[in-house]
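In this text, all values refer to a predicted model and were calculated from it rather than measured experimentally.
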Amino acid sequence: VQLQASGGGLVQAGGSLRLSCVASGSNFKINDMGWYRRAPGKERELVATITSSGLTQYADSAKGRFTISNDNAKNTVFLQMNSLKPEDTAVYYCTAGGFYQGVAIHIRFGWGQGTLVTVSS
């Protein structure tokens, strides 16, 4: 399964961006998708996750400002980021988990290549 993220860019504080990530491949079924980020000099951290049934989880830093959503038919996850702050500057990575056809074990499909979000003050 390959994950392709897009939508990053440069935005002023208070602005918005929408990230997208598409999972492609064959013989798999997505169970959950999510976004993590790695800021300069910091470790990668959770931003938000969503299951195929729509259950969501957010980091405290994302609550009230970011919204994760998905399109199951297109194996796509979105992250709408509003009221962006300079501290949101990071490389954002998408990830997905699920099952390969015929295998009843949940697998982490890996990480996308990351998309850079830069928020200027």
Notebook entry, point to check: Does N27 have any side-chain hydrogen bond (donor to acceptor under 3.5 Å, both in side chains) partners at least two apart in sequence or in another chain, and if so, which?
Noted result: none

Note to self: So, using side chain to side chain contact (heavy atoms under 4.5 Å, CB included) as the criterion, who are the partners of S53 when residues are at least two apart?
What the structure shows: T51, L55

Note to self: Quick check: is Y93 connected to M81 through a chain of hydrophobic side chains (ILVMFWY, heavy atoms under 4.5 Å apart)?
What the structure shows: no

Check: Considering all heavy atoms of both residues, which atom of M33 and which atom of T76 are nearest to each other, and what is their separation?
Finding: SD-C, 4.1 Å

Notebook entry, point to check: Listed by chain and number, what are the salt bridge (Lys or Arg N to Asp or Glu O under 4.0 Å) partners of K42, not counting sequence neighbours?
Noted result: none

Notebook entry, point to check: Taking the side chain from D71 and the backbone from A73, do they hold a donor-acceptor pair closer than 3.5 Å?
Noted result: yes

Next item on the list: Sorted by first residue and then second, give each ring pair (Phe, Tyr, Trp, His ring centres under 6.0 Å) pair with at least one member in residues 36-92; sequence neighbours left out.
Entry: Y36-W111

Notebook entry, point to check: In chain order, what residues pass the side-chain hydrogen bond (donor to acceptor under 3.5 Å, both in side chains) check against T49, with sequence neighbours excluded?
Noted result: Q57

Check: So, do N72 and I30 sit near enough that their side-chain heavy atoms are less than 4.5 Å apart?
Finding: no

Notebook entry, point to check: Got a sec, which residues hit salt bridge (Lys or Arg N to Asp or Glu O under 4.0 Å) with E87, two or more places apart in sequence or on another chain?
Noted result: none

Item checked: Partners meeting salt bridge (Lys or Arg N to Asp or Glu O under 4.0 Å) with R108 (sequence neighbours left out) -> D32

Note to self: For the CG atom of L19 and the CD atom of Q80, what is their distance to the nearest 0.5 Å?
What the structure shows: 9.0 Å

Item checked: Between OG on residue S24 and CG on residue N75, distance to nearest 0.5 Å -> 8.5 Å

Check: What pair of heavy atoms forms the shortest contact from G97 to H106, and how long is it?
Finding: C-NE2, 3.6 Å

Check: Hey, are the side chains of S61 and R37 touching, using non-hydrogen atoms and a 4.5 Å cut-off?
Finding: yes

Next item on the list: Check V1 against Y100 and note the closest heavy-atom contact, atom names and distance.
Entry: N-OH, 3.5 Å

Next item on the list: Establish whether W35 and V11 are linked, either directly or via other cluster members, by ILVMFWY side-chain heavy-atom contacts under 4.5 Å.
Entry: yes

Could you list the donor-acceptor pairs under 3.5 angstrom formed by side chains in residues 113-121, with sequence neighbours left out?
unit_1 : atom_1 : unit_2 : atom_2 : d
Q113   : OE1    : A5     : N      : 3.3
Q113   : NE2    : A5     : O      : 2.9
T115   : OG1    : G8     : N      : 3.0

Checklist line | Pair listing, side-chain hydrogen bond (donor to acceptor under 3.5 Å, both in side chains) test, anchored in residues 9-19, at least two apart | finding: S16-N82

Notebook entry, point to check: V91 and L46: same hydrophobic cluster, using ILVMFWY side-chain contacts below 4.5 Å?
Noted result: yes

Notebook entry, point to check: With sequence neighbours left out, what residues match F28 under ring-ring contact (aromatic ring centres under 6.0 Å, His included)?
Noted result: F109

Note to self: How close do G110 and T95 get, counting heavy atoms only, and between which atoms?
What the structure shows: O-OG1, 2.8 Å

Next item on the list: Give the minimum heavy-atom separation between I50 and S69, together with the two atoms involved.
Entry: CD1-CA, 3.9 Å

Notebook entry, point to check: Can you list every disulfide bond (SG atoms under 2.5 Å apart) pair that touches residues 29-117, not counting sequence neighbours?
Noted result: C21-C94

Margin query: Which residues pass the salt bridge (Lys or Arg N to Asp or Glu O under 4.0 Å) test with R65, not counting sequence neighbours?
Written below: D88

